[in-house]
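Structure first, then comments.
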Amino acid sequence: MPQEHEQKRVQRKSGGEAGNQGGQVEATKKGEKLKEEMDDILEEIDSVLEENAEEFVKSYVQKGGE
Amino acid sequence: MAIPKVMGIETEYGISSSAHGDFNPVLASSMLINSYAGDLRRIRWDYEQESPLRDARGFEPVQERQPTEEDLGLANVILTNGARYYVDHAHPEYSTPECATPRELVVHDKAGERILERSLASVADLLPPGERLSIYKNNTDGKGNSYGCHENYLVARSLPFARLVRDLTPFFVTRQIFTGAGKVGTEGSRADGGRIPFQISQRADFFEAEVGLETTLKRPIINTRDEPHADPEKYRRLHCIGGDANLCEVALFLKVGTTAIVLKMIEDELLPDLSLEEPVPALHAVSRDPSCRELVRLRDGRRIRALELQWEYLDHAKKFVKEAEATPENAEVLAWWEAVLAGIEEEPLSLHRELDWVAKFRLLEAYRERDRLDWRDAKLAMIDLQYHDVRRGRGLYHRLAGAGKVERLTTDEEIERAVVEPPEDTRAYFRGRCVARYAHSIAAASWDSIIFDTGKDALQRIPLREPLRGTKAHVEHILEASADAPALIAALQA
């Protein structure tokens, strides 16, 4: 599994390097795609976030453990 | 000579209630666990061999005995998967069964999350209308209160403890760069009033000493608790208290996999002296630098990055594995270790699929950008906390995992199996199978014993002093042939 992962990493790295001009276009496209992807994740997470952040954070108090 | 690394993880989970006012976390934890355990809760924990105050450096216990959770009647159960599930202080704690490989331990630690999630469902009916509990697999409330995630590794008693301290400390100080679970801000005595917006480790702020017996104050990088839960002539159980609780499987796998290999190298005295000049300040500095560029000073005068020290450990590990232990399990650890170090070298943020602190940091940065939030905004602290919620519908890690945004090393089927089935390659197999088959004849059990009550005058105590005995290969046929506990005891004594 990590081998596959390493391959993916290498592919990711070499993805935008084919020619300078093409590389830049590729990189921009990639950047947009990443942003879209991130926006989708945030939208999904928005739907499960607790409503009152202030109150939620304030009320989370633990006793020390261990 | 290095011995096999039998290992396990104890996780104290954070617990809170929607009814903030008169919430009693001790009773709530107990109710949570009992609601899950059902009939299993009648088996008592056997405390006979426990001595958490014995010190590995040879000191005698000095404190008087405090009332234990048992004295207070709190939940403390042994599950059919060989795990212990109980109340520790004011938290539900899940201790995995002993595992023989890092991968198995990942599966069992993840099974713990599922058990806590199920407990939330089973306790819901017992709570007053409108009240609900939440459970977090994290290590701090962000207000200076920390609770632990402790790893345990079997090490040879013959290994001089001073050598262990020398060679393990630099490793623990620097492994945070892949084991950290990430945290917004600073806290406790290390609080800096918001200058550091985000750090790699949940736990680093709480560590103040290099070596010691404490776990709740003046916490040390190397903990000296000497309570082997096994033959004390042969073994130590190294109790490591500095790690963060992980949700990302790669981070979790690396945390235990790399540490197990490093411990074997220490047992074989293969490591050179990589001592840090000041380990405690270095621990804090490494945690507070998500760019992973901060330099730490070695006693030999070098000033290098945490990452470079990790590369040195990896180089030694590769040599060790090649020469002494060329197993597929070790190869997988080395491959991930190298991939992750290479990722940090190039761009730490590229590891958002593998490491908790990066996954969390990326999420926080995305929110900061979209909603134009200052680092002190409560919403970010909330996201930090909710990342660790064990409910798959609510927890942000679990939402990322559900959307395929994190790397998985296990399958859901394996984890579900580990919720009920013990590992096959350690004594946990015998413990778990006995609990599954003969629960009504077991009076008590612990890590290294099972006490049967078969209705005769005397109870029968079966010691389990060897962590690698009582495996499926050793005992499956005996268990299969024993319809009840008296038959089992007769077969074991034959």
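Chain letters run A, B, ... following the sequence lines, proteins first, then strands; residues in each count from 1.
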Requested in this report: Give, as side chain, backbone, both or neither, the part of B:Y367 having an atom under 4.5 angstrom from any heavy atom of chain A.
Outcome: both
Query raised in the report: In terms of heavy-atom proximity below 4.5 Å to chain A, should B:E369 be classed as side chain, backbone, both, or neither?
Result: side chain
Query raised in the report: Got a salt bridge between B:R103 and B:E414, using NZ or NE/NH1/NH2 to carboxylate O under 4.0 Å?
Result: yes
Report task. State which residues pass side-chain contact (heavy atoms from CB on, under 4.5 Å) with A:D39; sequence neighbours excluded, sorted by chain then number. Result -> A:K35
Query raised in the report: In terms of side-chain geometry, is the basic nitrogen of B:E365 or B:R368 positioned less than 4.0 Å from the acidic oxygen of its partner?
Result: yes
**Report entry** Where at least one partner belongs to residues 47-61 of chain A, residue pairs that pass salt bridge (charged side-chain N to carboxylate O under 4.0 Å, His left out), sequence neighbours excluded
**Finding:** A:E50-B:R132
Report summary line: Applying a strict 4.5 Å limit to non-hydrogen atoms, the region of B:N138 in contact with chain A is side chain
Query - B:D205/B:K183 ion pair, N-O < 4.0 Å - result: yes
Query raised in the report: Can you say whether B:A381 sits under 4.5 Å from chain A via the side chain, the backbone, both, or neither, judging by heavy atoms?
Result: both
Query raised in the report: Side chain, backbone, both or neither: which part of B:T140 has a non-hydrogen atom closer than 4.5 Å to chain A?
Result: backbone
Report summary line: Okay, A:D46 and chain B: the region with an atom under 4.5 Å from a heavy atom over there is both
Query raised in the report: Does any heavy atom of chain B fall under 4.5 Å from the side chain of A:I45, the backbone, both, or neither of them?
Result: both
Requested in this report: State plainly whether the residues B:R392 and B:E117 are in salt-bridge range, i.e. N to O under 4.0 Å.
Outcome: yes
Requested in this report: May I ask you to say whether B:D389 pairs ionically with B:R391, meaning some side-chain N is under 4.0 Å from a carboxylate O?
Outcome: yes
Query raised in the report: Looking at B:L217, B:I383, B:I15, which one has more heavy-atom pairs under 4.5 Å with chain A than the rest?
Result: B:I15
Query raised in the report: For A:F56 and B:L385, what are the C-alpha separation, side-chain angles and deciding distance, and is it a side-chain contact (heavy atoms from CB on, under 4.5 Å)?
Result: CA-CA 10 Å; A:F56 179 73; B:L385 178 55; 3.6 Å; yes
Report task. May I ask you to decide if the ring planes of B:Y136 and A:Y60 are parallel, tilted or perpendicular, using 30° and 60° as cut-offs? Result -> perpendicular
Query raised in the report: Between B:E10, B:E93, B:H150, which has the largest tally of heavy atom pairs under 4.5 Å with chain A?
Result: B:H150
Report summary line: Looking only at A:D40, A:I41, A:L49, the option with the highest number of non-hydrogen pairs under 4.5 Å against chain B is A:L49
**Report entry** Under 4.5 Å from a heavy atom of chain A, the part of B:K143 involved
**Finding:** side chain
Query raised in the report: At a heavy-atom separation under 4.5 Å, does B:R219 approach chain A through its side chain, its backbone, both, or neither?
Result: side chain
Query raised in the report: Given a strict heavy-atom distance threshold of 4.5 Å, which part of B:R399 is in contact with chain A: side chain, backbone, both, or neither?
Result: both
